[in-house]
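Take a look at the structure set out below.
These figures come from a predicted structure and were not determined experimentally. Start at 1 with the first residue, then count along the sequence. Values below: every heavy atom of this structure, side chains too, minus hydrogens, waters and symmetry copies.
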Amino acid sequence: QVQLAESGGGLVQTGASLNLSCAASGGIFKNYAVGWFHQAPGSERELVAAISGDTETTYVPDSNKGRFTISRDNAKNTANLQMINLKPEDTGVYYCAAEEGFGVFVGAYDYWGQGTQVTVSS
């Protein structure tokens with residue numbers, strides 16, 4: 001079983017960049033795909049990026065391509081989400097999650113962090 005902890009959120013202005021980090025412990029990290037999810041106020045969680053355990057496959061929805069980049073370092077048990085050109089609609093809680101397959105849906109992920117708040121002011 002893997003435990004996850006996010007960091008790096010904060011309050012930024014429109015157009016700024018943020019780098020979110022997810023630190024994993026308690027499992028063999030490379031065996032898990034990692035997904036980053038965004039939950040806006042009053043909305044359901046949505047996948048913004050995912051990366052396979054071996055780092056060879058990434059998925060970023062078209063709506064986020066060019067702004068969000070996911071990466072991981074299995075030697076350090078970390079996964080990162082680089083976000084650029086942030087917009088007010090990017091505001092919300094960002095969660096990292098892990099699963100042994102490679103899914104794009106919330107239900108596919110078994111392990112979740114507590115989330116980190118990102119607020120983008122206009």
Is there a donor-acceptor contact under 3.5 Å linking the side chains of Q117 and T119? yes
Any side-chain heavy atom of M83 within less than 4.5 Å of one from V118? yes
Less than 6.0 Å separating the ring centroids of Y59 and F102? no
Should V93 and L47 be counted in the same cluster of Ile, Leu, Val, Met, Phe, Trp and Tyr side chains packed under 4.5 Å apart? yes
Centroid-to-centroid, Y111 to Y32, below 6.0 Å? yes
Any chain of hydrophobic side-chain contacts (each under 4.5 Å) joining V12 to Y94? yes
Do the non-hydrogen side-chain atoms of D90 and R67 ever get within less than 4.5 Å of each other? yes
How close do T14 and S122 get, counting heavy atoms only, and between which atoms? OG1-CA, 3.4 Å
Is there a side-chain contact between L20 and T116, using heavy atoms and a 4.5 Å cut-off? yes
Determine whether more than 12 heavy atoms belonging to other residues, nucleotides or ligands lie under 6.0 Å from atom CG of L11. yes
Please tell me whether S21 and N80 have a donor and an acceptor in their side chains that are separated by less than 3.5 angstrom. yes
Hey, are the side chains of L18 and L86 touching, using non-hydrogen atoms and a 4.5 Å cut-off? yes
Got a second to check how far T78's OG1 is from D73's CG, nearest 0.5 Å? 5.0 Å
Would you say I51 ends up clustered with V2 if hydrophobic residues are merged whenever their side chains have heavy atoms under 4.5 Å apart, either directly or through other cluster members? no
Salt-bridge test for D62 and K65: reply yes if a basic N is under 4.0 Å from a carboxylate O, no otherwise. yes
Check: E6 and W36 side chains under 4.5 Å, non-hydrogen atoms: yes
Grouping I, L, V, M, F, W and Y whenever their side-chain heavy atoms are under 4.5 Å apart, do V60 and F105 come out in a common cluster? no
Cluster check V104, Y95: I/L/V/M/F/W/Y, side chain < 4.5 angstrom: yes
What are the two closest heavy atoms between R72 and K30, and how far apart are they? NH2-CA, 4.0 Å
Check: Y109 side chain, G103 main-chain N or O, donor-acceptor pair, under 3.5 Å: yes
Do you know which two heavy atoms are closest between L4 and A98, and how far apart they sit? CD1-N, 3.7 Å
To the closest 0.5 Å, what do you measure between CG (N31) and CG (N74)? 9.0 Å
At what distance, to the nearest 0.5 angstrom, does CD of E89 lie from NE2 of H38? 9.0 Å
Rounded to the nearest 0.5 angstrom, the CG-OG distance for N77 and S25 is 8.0 Å
Could you check whether F37 and W112 have their ring centres less than 6.0 Å apart? yes
Between P61 and A49, which heavy-atom pair has the shortest distance, and what is it? CD-N, 4.3 Å
Flag yes if more than 12 heavy atoms outside Q82 fall under 6.0 Å of its CD atom; otherwise flag no. yes
